[in-house]
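Everything numeric in this text was worked out from a predicted model, so none of it was measured.
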Amino acid sequence: MSSYFSIEYLALFLPAVFIFYNLMPKKYRWLLLLLASYLFFWLISGKLILYLISATCIVYILALHLERIQSQRNQLLEKKERSERKAIRIFYQKKQRKLVTAGVLILIGILAVLKYSGFIGINIQSIFSLLHLPITIQIPSFVLPIGISFYTLQAVSYLIDVYREKIKPEWNFGKLALYMSFFLTIIEGPICRYSDMSIQLYEGRKVSWNQFLYGMQRILYGLMKKIVIADRLNLFIKTIFHDYNSYDGGMIALGALLYTCQLYMEFSGTMDIVIGSGEIFSFKILENFRQPFFSKTISEFWQRWHISLGLWFKDYIFYPLSMSDPLKKMTSWARKKFKNHYGPLMSGSIALFCVWLANGFWHGSGWNYIFFGLYHFTLILGGNLIEPVSNRLCSYFKIKRESILYHFFQIVRTGILVVIGELFFRAQGLRAGIHMFIKICTNFSLVSFTDSTVFSIGMDRQDFIIVVIAVMTVFVISIIKEKGLSVREHISKEPIVLRWSLYYMLILFIVVFGAYGTGYVPVDPIYANF
């Protein structure tokens with residue numbers, strides 16, 4: 001079993017877990033989910049499950065120790081006079097801070113060693129070579145547990161939330177292990193908070209027919225995105241990015257555009273499977289996408305794309321940094337010096353830089369990923385800096401910023417900037433990304449489109465027609481959702497014959513036009529490798 005799109009998951013694992021879940025007494029259902037989650041992770045990662053167990057043990061022990069410290073503090077505060085309480089709080093806060101810092105460093109340290117030690121070793125070796133030093137270091141190489149970036153962030157959030165006293169630690173090790181390993185979120189997220197998932201996982205929710213039907217609809221929709229669109233585009237994209245020197249700028253631009261489409265369809269399709277599978281069990285799992293390609297700015301795009309990761313960075317990096325004493329003092333000084341708009345940007349930009357540097361590193365161990373993060377940092381910071389100028393220009397030229405035409409311009413501009421970022425994201429290293437971007441700017445041509453070269457790189461004319469039809473279907477559904485309407489609720493109100501006709505049409509569309517079998521290489525779970 002390699003992903004949520006595999007036959008083993010859809011035809012065997014998920015149905016078996018669903019059946020046994022409903023047969024199990026309510027109070028033991030969480031145990032079934034725990035066993036299923038560990039079986040799922042073991043099937044995809046084997047003995048690497050030990051890393052997951054280790055992370056769970058770390059947060060379990062430290063969280064309980066944090067609670068003991070908090071309990072000791074509270075008991076002492078009750079016995080002391082008000083004048084002594086401040087010193088007591090400071091003393092115990094320092095104890096907690098040391099503990100939670102150690103825990104976060106251990107968790108992030110394990111991730112860093114497994115994921116980045118090879119990257120660091122290669123760069124150190126490169127520096128030695130540039131300095132002509134006769135030193136050779138052994139480049140370490142580790143097998144990375146699938147989903148480690150996701151469950152590590154969940155572990156860190158749990159530990160910090162206990163430290164902040166937003167949640168009480170879980171005394172039942174098995175229940176905490178279920179939160180850490182839940183099979184629906186372990187591969188590609190979303191990154192769920194303990195406060196959002198714990199009750200759902202532990203209470204043994206009653207399954208309803210409507211939720212089951214909604215879940216199956218969502219799963220089918222995700223399958224269509226992945227199998228019909230993402231997998232069909234795969235060979236074309238791989239060819240362009242692996243052999244970009246053989247193609248002109250027009251083809252490279254098309255490759256970048258199609259990769260952006262593939263990434264969205266694969267990742268959002270996975271989220272559809274995850275959320276749909278959750279709905280079958282009556283679980284409400286956080287939405288990770290909200291029509292991102294209708295965004296009018298890069299900042300808005302990242303509020304709609306991989307929402308759970310953005311919220312994690314905001315709550316655990318941006319806010320703590322921006323609210324720290326040094327940056328608060330800087331903000332106060334800068335506001336007096338540069339007024340209200342530009343003043344807060346000084347300290348805010350430092351926190352923002354840390355967020356996007358972390359974002360780049362989180363996605364992968366390569367300079368292209370770091371560039372990807374700093375590219376978006378530059379765009380967001382630049383947008384904040386020129387906002388007053390932009391407002392004045394629009395006022396001077398009497399441009400109506402609320403007009404449909406202006407919104408369309410903003411959406412297209414943001415889309416182009418996103419595609420450029422994804423070009424570097426997908427490229428085989430930063431140097432390759434730079435060469436590809438230069439070719440787009442200096443060697444752009446439409447010859448490959450007119451001489452039919454475009455139809456000879458893993459996709460023929462029929463493939464492109466199928467992709468266009470499927471993408472337009474997703475686009476229309478996205479427009480409806482953007483207007484605040486629910487497609488599924490509308491379908492549920494239709495006569496039963498029409499409803500089931502639509503379901504069978506979607507199944508038939510996936511079966512007939514899905515990219516599988518001889519000649520097709522399925523897309524591996526892209527975000528599972530980050």
Side-chain angles (χ1 to χ4, degrees), residues 30-31 33-38 40-42 45 47-73 92-116 144-202 285-286 308-309 311-317 319-320 358 361-362 530:
W30 71 268
L31 272 173
L33 293 177
L34 175 61
L35 293 173
S37 297
Y38 268 82
F40 181 83
F41 196 85
W42 179 76
S45 291
K47 62 184 179 182
L48 297 179
I49 197 173
L50 292 174
Y51 287 108
L52 174 61
I53 295 171
S54 299
T56 306
C57 290
I58 290 167
V59 294
Y60 177 76
I61 294 168
L62 292 181
L64 293 185
H65 196 40
L66 282 170
E67 187 185 41
R68 289 192 187 96
I69 294 173
Q70 292 164 2
S71 178
Q72 291 170 5
R73 178 203 61 196
Y92 280 96
Q93 186 179 30
K94 286 181 179 178
K95 287 185 69 175
Q96 288 187 80
R97 191 174 292 165
K98 289 178 182 178
L99 197 63
V100 77
T101 300
V104 170
L105 288 177
I106 291 170
L107 292 166
I108 299 298
I110 292 172
L111 176 64
V113 169
L114 294 177
K115 194 170 182 179
Y116 308 111
L144 201 64
I146 195 165
I148 185 173
S149 296
F150 289 94
Y151 70 70
T152 297
L153 294 193
Q154 284 200 172
V156 169
S157 72
Y158 173 78
L159 198 57
I160 292 177
D161 285 351
V162 171
Y163 163 74
R164 292 175 176 174
E165 299 183 60
K166 288 186 174 182
I167 60 172
K168 288 287 186 182
E170 178 55 63
W171 280 80
N172 187 317
F173 181 81
K175 289 184 175 181
L176 180 63
L178 172 56
Y179 162 71
M180 287 285 293
S181 65
F182 185 42
F183 70 91
L184 290 180
T185 58
I186 192 68
I187 295 184
E188 295 189 59
I191 303 163
C192 299
R193 309 293 171 84
Y194 180 80
S195 55
D196 295 329
M197 289 301 297
S198 57
I199 295 176
Q200 298 188 75
L201 292 174
Y202 308 152
I285 297 175
L286 175 71
S308 64
L309 180 65
L311 290 174
W312 195 96
F313 281 131
K314 182 176 72 173
D315 290 344
Y316 300 103
I317 296 181
Y319 282 156
F361 270 115
W362 183 86
F530 296 147

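For Y179, the ring pair (Phe, Tyr, Trp, His ring centres under 6.0 Å) partners are Y194, not counting sequence neighbours. Applying the side-chain hydrogen bond (donor to acceptor under 3.5 Å, both in side chains) rule to E165 yields the partners R73; only residues at least two apart in sequence or on another chain are considered. Partners of L105 according to the side chain to side chain contact (heavy atoms under 4.5 Å, CB included) rule, which considers only residues two or more places apart in sequence or in another chain, are T101. D196 pairs by the salt bridge (Lys or Arg N to Asp or Glu O under 4.0 Å) definition with nothing, not counting sequence neighbours. S308 is linked by a side chain to side chain contact (heavy atoms under 4.5 Å, CB included) to P190, I191, L286, N288, H306, counting only residues two or more places apart in sequence or in another chain. With sequence neighbours left out, the ring pair (Phe, Tyr, Trp, His ring centres under 6.0 Å) criterion links Y92 to no other residue. For the side chain to side chain contact (heavy atoms under 4.5 Å, CB included) test, residues two or more places apart in sequence or in another chain that qualify with Y319 are K314, D315, S322. Residues passing the ring pair (Phe, Tyr, Trp, His ring centres under 6.0 Å) test with F182, sequence neighbours excluded: F283. Residues satisfying the ring pair (Phe, Tyr, Trp, His ring centres under 6.0 Å) test with F361, not counting sequence neighbours, are Y116.
Sorted by first and then second residue, the salt bridge (Lys or Arg N to Asp or Glu O under 4.0 Å) pairs with a member in residues 166-182 form an empty list; sequence neighbours excluded.
Taking the side chain as every heavy atom from C-beta outward, I317 and W312 approach each other to under 4.5 Å.
Of all the heavy atoms in A155 and M180, the pair that sits closest is CB-CE, 3.6 Å.
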In a table with atom names and distances, give each donor-acceptor pair under 3.5 Å that connects a side chain of residues 50-63 to protein atoms at least two apart or in another chain.
{"from": "S54", "atom 1": "OG", "to": "L50", "atom 2": "O", "distance (Å)": "2.8"}
{"from": "T56", "atom 1": "OG1", "to": "L52", "atom 2": "O", "distance (Å)": "2.9"}
{"from": "Y60", "atom 1": "OH", "to": "W171", "atom 2": "O", "distance (Å)": "2.7"}

